[in-house]
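First comes the structure, then the notes that go with it.
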Amino acid sequence: MLKLILALLLTSCTHWLIETETRIQMENGTSEEIHDLSLVSSNGQITVWIPETVEPGKRSRVYGNEWVGEFNFAVYSGDSLIDLGVHRLKGGTVLAQIKEENGKFAMQFK
Amino acid sequence: MLFFFANAFAWKPTPQIIEEQVPQTAFAQLTEFQNAARPEYNAYLTAGIIYLPLPNQSELLTDWGTHEGFAFRQRLGMWLTDNFKGLRYGFGWLGERQGWDNEDFLFLPHRGKFSQINQIHTFGLTIADSSKQLLFGGGLQYLNANDEVLRWWLLGTWSRFSIMPSFHKSDLQFINVQLFLQARELRGDKNSWQNYLPDLEFSFYSKDSVRMFVSQNIFKQRLYLETAFWLQPKDFTWAAIKYYLEPSRLVALEATATKKENDKVYFGGGITIPFLRVAYNHADDYETFFKGRGTWIVEFRLALGTSGDSFFSLKAPKPAPNETRRVPVNKPELNPDTDSGE
């Protein structure tokens, strides 16, 4: 145990304990077909996280990326990009449930 | 609990702040070399690692949002000399690796998509005549940020006066002029009223950008008032009250007031003991660690100079009290009758 603590101290590898990658699976809880779950920057750049089209009630495959922190998400419905707001990614695997609430799309991590 | 408190005032470095730190550290490194390589000294050894244990202590702020990760600063340096035919020849290197990485590390960074790892190195040769309190030096400086830059510098020190210009090709980049008037036992000065003369430093970054630093002894070379401010354009930078346990400056207690870009002044301080520095909102970290503030900063560090048998911290006026005792060794006399081989 002491050796393990010493090894952790020497290598300062808390990343053995903290994840730097987040894996997301998207679940479509809306009544529309959605595609390309993405991150949107403040100057309008887009990085696609899940390059898949998901039909209502279905789930996408899991995609991992090295993003941990707070980022703005969006998803496409047809040609229009729908803002899903800022969410915190803590690393690990999460299920992104996209639902329609009062006619608006919202995302929740599970 | 402590870290919860720290997170409430989270500071977030940006890629721009990390990039702008590189030339600032380059100037600071030259000044450190100037302080370390004095005609009366033999050697200088420095090392420092700022290690923030939590990934949300120094989140990187980009257009995409905030990224968990680790701002870091790792440095190592030495200046070593030797006597040859009455003159003292020296070689020095100060190196620093700084930036932000999405994983913490000691040797090998992870280099994620948003990682930014920059290096600054200063190399130099010196030649000194201790009896005349004279030292000349020159060398190169290598900056590796977005592009690689090579600069060169010269150094001239005579007693309490020192000048250090730095160039990029034939363009003058920086001149640091020191008038360290305070009497220093380490320099061979006697204790006198001159202990209370100030240390002055003028840093010329350009014609329109001149910074001044003043350090004033107010009690027995233990308690000091220090301030740094811009003469051109006129602006306050920081002020500090520093208490050293004794004049070798190995142990320091510091309280600082620092001005941020938004003109607000904030207060902080720190404790330095050999091998460790703990600080919160300290002016030095704002200047040397990506405008760091609002979080506890722990640095494993060392900055020791030697002169003869004595050692001291950088810029100290006196050596550390020497507690080495010379115990005479009684050699047992050889008795030819019994010790003639078994």
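Order of the sequence lines sets the chain letters (A, B, ...), proteins ahead of strands, with each chain counted from 1.
The neighbour count for A/E100 CD, taken as heavy atoms of other residues, nucleotides or ligands under 6.0 Å away, is above 12. With a 6.0 Å radius and a threshold of 12 heavy atoms from other residues, nucleotides or ligands, A/F109 has its CZ atom above the threshold. Under a cut-off of 6.0 angstrom, the local environment of NZ in B/K260 is crowded, with over 12 non-hydrogen atoms contributed by other residues, nucleotides or ligands. Enclosure of atom CG in B/L150 by more than 12 non-hydrogen atoms of other residues, nucleotides or ligands within 6.0 angstrom is indicated.
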Please list, one pair per line, the donor and acceptor atoms closer than 3.5 Å that link side chains of residues 68-79 of chain A to other protein atoms, with sequence neighbours excluded.
{"residue": "A/E70", "atom": "OE2", "partner": "A/R88", "partner atom": "NE", "Å": "3.4"}
{"residue": "A/S77", "atom": "OG", "partner": "A/E32", "partner atom": "OE1", "Å": "2.7"}

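Neither the backbone nor the side chain of A/V86 comes within contact range of chain B; no heavy atom of the residue lies under 4.5 Å from a heavy atom of that chain.
When each of B/T66, B/N102, B/L108 is scored by its heavy-atom pairs under 4.5 Å with chain A, the top score falls to B/T66.
Using a 3.5 Å distance cut-off with no hydrogens or angles, the side chains of B/D63 and A/Q45 do not pair a donor with an acceptor.
Atom OG1 of A/T20 is separated from atom CZ of B/F70 by 9.5 Å, given to the nearest 0.5 angstrom.
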Evaluate the criterion side chain to side chain contact (heavy atoms under 4.5 Å, CB included) for residue pair B/K113 and A/W67; output intermediate values, then yes/no.
CA-CA 9 Å; B/K113 194 170 178 244; A/W67 294 75; 3.9 Å; yes
